Amino acid sequence: MSDAANEYQGKATMEKITSLAKRRGFVFQSSEIYGGQNGAWDYGPLGIELKNRIAGAWWKEMTQLNDDIVGLDAAILMHPRTWEASGHVENFTDPLVDCKKCKSRFRADQIPEEKLKEKKCPDCDGELTDTRKFNLMFRTHIGPAEDTASVIYLRPETAQGIYVNYKNIIQSNRMKIPFGIAQIGKAFRNEIVTKNFIFRTCEFEQMEMQYFVKGGTDEEWFNTWRQRRWAYYEKLGVKMDHLRWHQHGPGELAHYAKEAWDIEYLFPMGWRELEGVHNRTDYDLGRHTEYSGKDLQYIDQETNERYIPYIIETSAGLTRNLLMLLCDAYDEEQVAEKGNDDDWRTVLRFHPTIAPITVAVLPLMKKDGLAELAQDIRRELKEDFTTDYDQSGAIGRRYRRQDEAGTPFCLTVDYQTKEDGTVTLRYRDSMEQVRVGRAELAQLIRKGIKEYKRIK
Ligand code: GAP
């Protein structure tokens, strides 16, 4: 095990996360009945709720809380010249080697240096092929003819859709530099090695924000965005000792970047990139000017100055964030000492803003009108919160099921509810239970979300 994995403080392992994700309907392997499709995953009922909420939290942070950032949803299929201009056709490659004996395939930069020098397979010591460059873009054809004129790519990053629209947005929304454009969407990469569940996949989603600034102010904005992105994870309640910065050295920098820092998270398999903050300079807009022949200079209306803006990019994986938040939330806690399985609970300590279900309503019994009463209370809360209803099994079991789904609030409806209209509100993290009136419920839950502080 690597040193980083030894440092790991959480209780999650990739096996536990993968199994919980499948069992509870967060994530399923794509096309499982056919043996599964490598590098692709499907998001089940809890997974899609979680993903939408993570996307929603990011979108709010970027657009709602920043007057100078607007949104965009560009097409996945773009004119192929885009990718020549961006440098992806030429440079977006991984070094690939194959083992002639066991036929395993590796990224050369992920093999121990010694093995690569000796051209020996790290798995079986068989002979390795020479290293060759492999372009990560998925290529396909548009229209019926499969010739070079019809080649089209699935976008490997969402960023380029923003760059080619930057003038449209300035014109339609009267944006003035500095300003940003945010986008969430699918991206595709023909990854050589896809492992660790949804960490690195061929089809994934990104949450990217491109901030357009004047050259000379770029370094200051770069630092500002680094701080903001760090603060964002703190606000989401992520364990901050599981986050760190990693600066890209000269050999690591992408072809477009002058400076790049990753926020890394301590996953069960070690420290890995979660999000990148990049100073892309005027590279992208300069290249699009050259390849499109269009003038992409910004005109400062006050000074009449014209220039190609610099771009500060914050680029996070949405699906990778989902994996991070699952690992970060995962906890196993001893709650009793009776010597049976129920002594322990598995709990996902999601921040309530991202929890897939906010409130679960549980009637103590199905009979005596309690189920109907509970359904009625659920109906009242539905407009404001995502709710769940569960009437099967012992109440303790039902709490455990909700803990495992990360539901922050449970409401239990019992005989007293019939008498005085109060219910038991149970908090997921502390398991504290309070008796509250039906009329106060929505307000209390809202308060619980707003004032949430992680206790473990
Ligand atoms: N536009 C810049 C860009 O795409 P990147 O570092 O290649 O930069 C940004 O990717 C983020 O996208 C990564 O930090 C990661 O969270 C996510 N990401 C990249 N490749 C991925 C993959 N194959 N599977 C899942 N997420 C990926």
Side-chain angles (χ1 to χ4, degrees), residues 27 30 37-41 43 51 54-55 58 72 74 76 78 82-83 85-88 91-94 107 109-110 134-138 153-164 180-211 222 225-226 229-230 232-233 238 243-248 252-265 267 269 271-281 283-285 287 311-327:
V27 184
S30 160
Q37 175 53 53
N38 217 2
W41 298 85
Y43 291 79
K51 184 147 71 70
I54 299 168
W58 183 89
L72 175 75
I76 289 172
M78 299 181 70
T82 308
W83 306 109
S86 70
H88 283 79
N91 298 312
F92 197 53
T93 56
D94 271 349
R107 264 175 62 173
D109 55 348
Q110 292 180 349
F134 171 74
N135 195 296
L136 268 72
M137 281 198 293
F138 278 103
Y153 301 95
L154 298 187
R155 68 180 177 199
E157 60 170 9
T158 61
Q160 300 300 327
I162 294 182
Y163 305 150
V164 300
I181 304 174
Q183 178 169 218
I184 299 177
K186 291 245 176 182
F188 302 83
R189 295 183 189 178
N190 201 353
E191 298 283 359
I192 300 167
V193 184
T194 56
K195 59 177 182 186
N196 291 318
F197 191 32
I198 55 171
F199 178 79
R200 176 169 288 109
T201 51
C202 293
E203 176 176 345
F204 57 100
E205 280 172 77
Q206 290 187 314
M207 308 184 285
E208 296 199 306
M209 194 284 299
Q210 314 295 327
Y211 202 72
F222 183 72
W225 277 106
R226 276 187 55 201
R229 292 310 299 151
W230 187 262
Y232 170 76
Y233 288 109
V238 173
L243 288 178
R244 73 176 186 193
W245 283 106
H246 165 74
Q247 182 177 17
H248 283 212
E252 276 175 287
L253 278 175
H255 58 273
Y256 49 71
K258 164 176 156 187
E259 191 177 359
W261 289 74
D262 291 339
I263 297 180
E264 292 187 336
Y265 181 79
F267 286 93
M269 66 277 189
W271 288 100
R272 296 284 190 285
E273 175 184 344
L274 175 68
E275 160 161 2
V277 184
H278 312 132
N279 183 345
R280 295 181 72 131
T281 68
Y283 173 84
D284 297 279
L285 291 180
R287 294 273 292 196
I311 292 167
I312 306 301
E313 169 183 67
T314 72
S315 175
L318 168 54
T319 41
R320 195 171 287 181
N321 255 263
L322 188 144
L323 176 62
M324 178 278 281
L325 289 163
L326 270 177
C327 296

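Atoms within each ligand, like the ligands themselves, are counted from 1 in listed order. The structure displayed is predicted, hence computed values, not measured ones.
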Let's go through Glu157 and Trp83 carefully: what are the C-alpha distance in whole Å and the side-chain angles of both, what is the deciding distance for side-chain contact (heavy atoms from CB on, under 4.5 Å) to 0.1 Å, and is it a yes or a no? CA-CA 10 Å; Glu157 60 170 9; Trp83 306 109; 4.3 Å; yes
Given the rule in the side-chain contact (heavy atoms from CB on, under 4.5 Å) test, do Tyr233 and Met324 qualify, once you have shown the distances and angles that lead to the verdict? CA-CA 11 Å; Tyr233 288 109; Met324 178 278 281; 3.8 Å; yes
Tell me, with the steps shown, if Gln210 and Arg280 meet side-chain contact (heavy atoms from CB on, under 4.5 Å). CA-CA 9 Å; Gln210 314 295 327; Arg280 295 181 72 131; 4.3 Å; yes
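Here the two rings, on Tyr265 and Phe267, have centers that are under 6.0 Å apart.
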For residues 253-262, tabulate all N or O donor-acceptor pairs below 3.5 Å that involve a side-chain atom, not counting sequence neighbours.
residue	atom	partner	partner atom	Å
His255	NE2	Ser86	O	2.9
Lys258	NZ	Asp218	OD2	3.0
Lys258	NZ	Glu219	OE2	3.1
Glu259	OE2	Trp261	NE1	2.9
Asp262	OD1	His248	NE2	3.1
Asp262	OD2	His248	NE2	2.7

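Here's the thing with His278: none of its N/O atoms is less than 3.5 angstrom from an N/O atom of ligand 1. Backbone and side-chain nitrogen or oxygen atoms of Glu313 are examined, and one is located within less than 3.5 angstrom of a nitrogen or oxygen of ligand 1.
If you check which protein heavy atom lies closest to atom 12 (O) of ligand 1, you get Gln206 NE2, 3.3 Å. Among all protein heavy atoms, the one lying closest to atom 17 (C) of ligand 1 is Gly317 CA, 3.7 Å. At the top of the distance list for atom 18 (N) of ligand 1, counting protein heavy atoms only, stands Phe204 CE1, 3.6 Å. Considering only non-hydrogen protein atoms, atom 25 (C) of ligand 1 sits nearest to Phe199 O, 3.2 Å. For atom 13 (C) of ligand 1, the closest non-hydrogen atom of the protein is Glu273 OE2, 3.2 Å. Distance from atom 24 (N) of ligand 1 to its nearest protein heavy atom, with residue and atom name: Thr201 N, 3.0 Å.
The side-chain heavy atoms of Met269 and Phe199, taken from C-beta on, include a pair separated by under 4.5 Å. Counting heavy atoms from C-beta outward, Gln183 and Gln206 have side chains that stay 4.5 Å or more apart.
Minimum interatomic distance between Thr319 and Phe204 (heavy atoms only, all atoms of both residues): OG1-CB, 3.4 Å.
The Arg280 neighbourhood of ligand 1 comprises atoms 1 (N), 2 (C), with distances under 4.0 Å to a heavy atom of that residue. Ligand-side atoms of ligand 1 in range of Glu208: 1 (N), 2 (C), 3 (C), 4 (O), range being under 4.0 angstrom from any heavy atom. Under a 4.0 Å criterion applied to the non-hydrogen atoms of Glu157, ligand 1 contributes the atoms 1 (N), 2 (C), 3 (C), 4 (O). Against a heavy-atom cut-off of under 4.0 Å, Tyr256 is close to the following atoms of ligand 1: 2 (C), 3 (C), 8 (O). With ligand atoms numbered from 1 in the order given, ligand 1 contributes 14 (O) to contacts under 4.0 Å with heavy atoms of Glu275.
For the 3.5 Å distance criterion, the side chains of Glu252 and His246 qualify, holding a donor opposite an acceptor.
Comparing Ser315, Ala257, Ala260 against atom 9 (C) of ligand 1, the shortest heavy-atom distance belongs to Ser315. Between the choices Arg200, Arg155, Gln160, Arg189, the shortest heavy-atom distance to atom 20 (N) of ligand 1 belongs to Arg189.
The pair Arg155-Glu208 fails the salt-bridge criterion, with no side-chain N (NZ, NE, NH1 or NH2) lying under 4.0 Å from an Asp/Glu carboxylate O.
Residue-level proximity to ligand 1 for Leu274 is carried by the backbone, the only part with a heavy atom below 4.0 angstrom.
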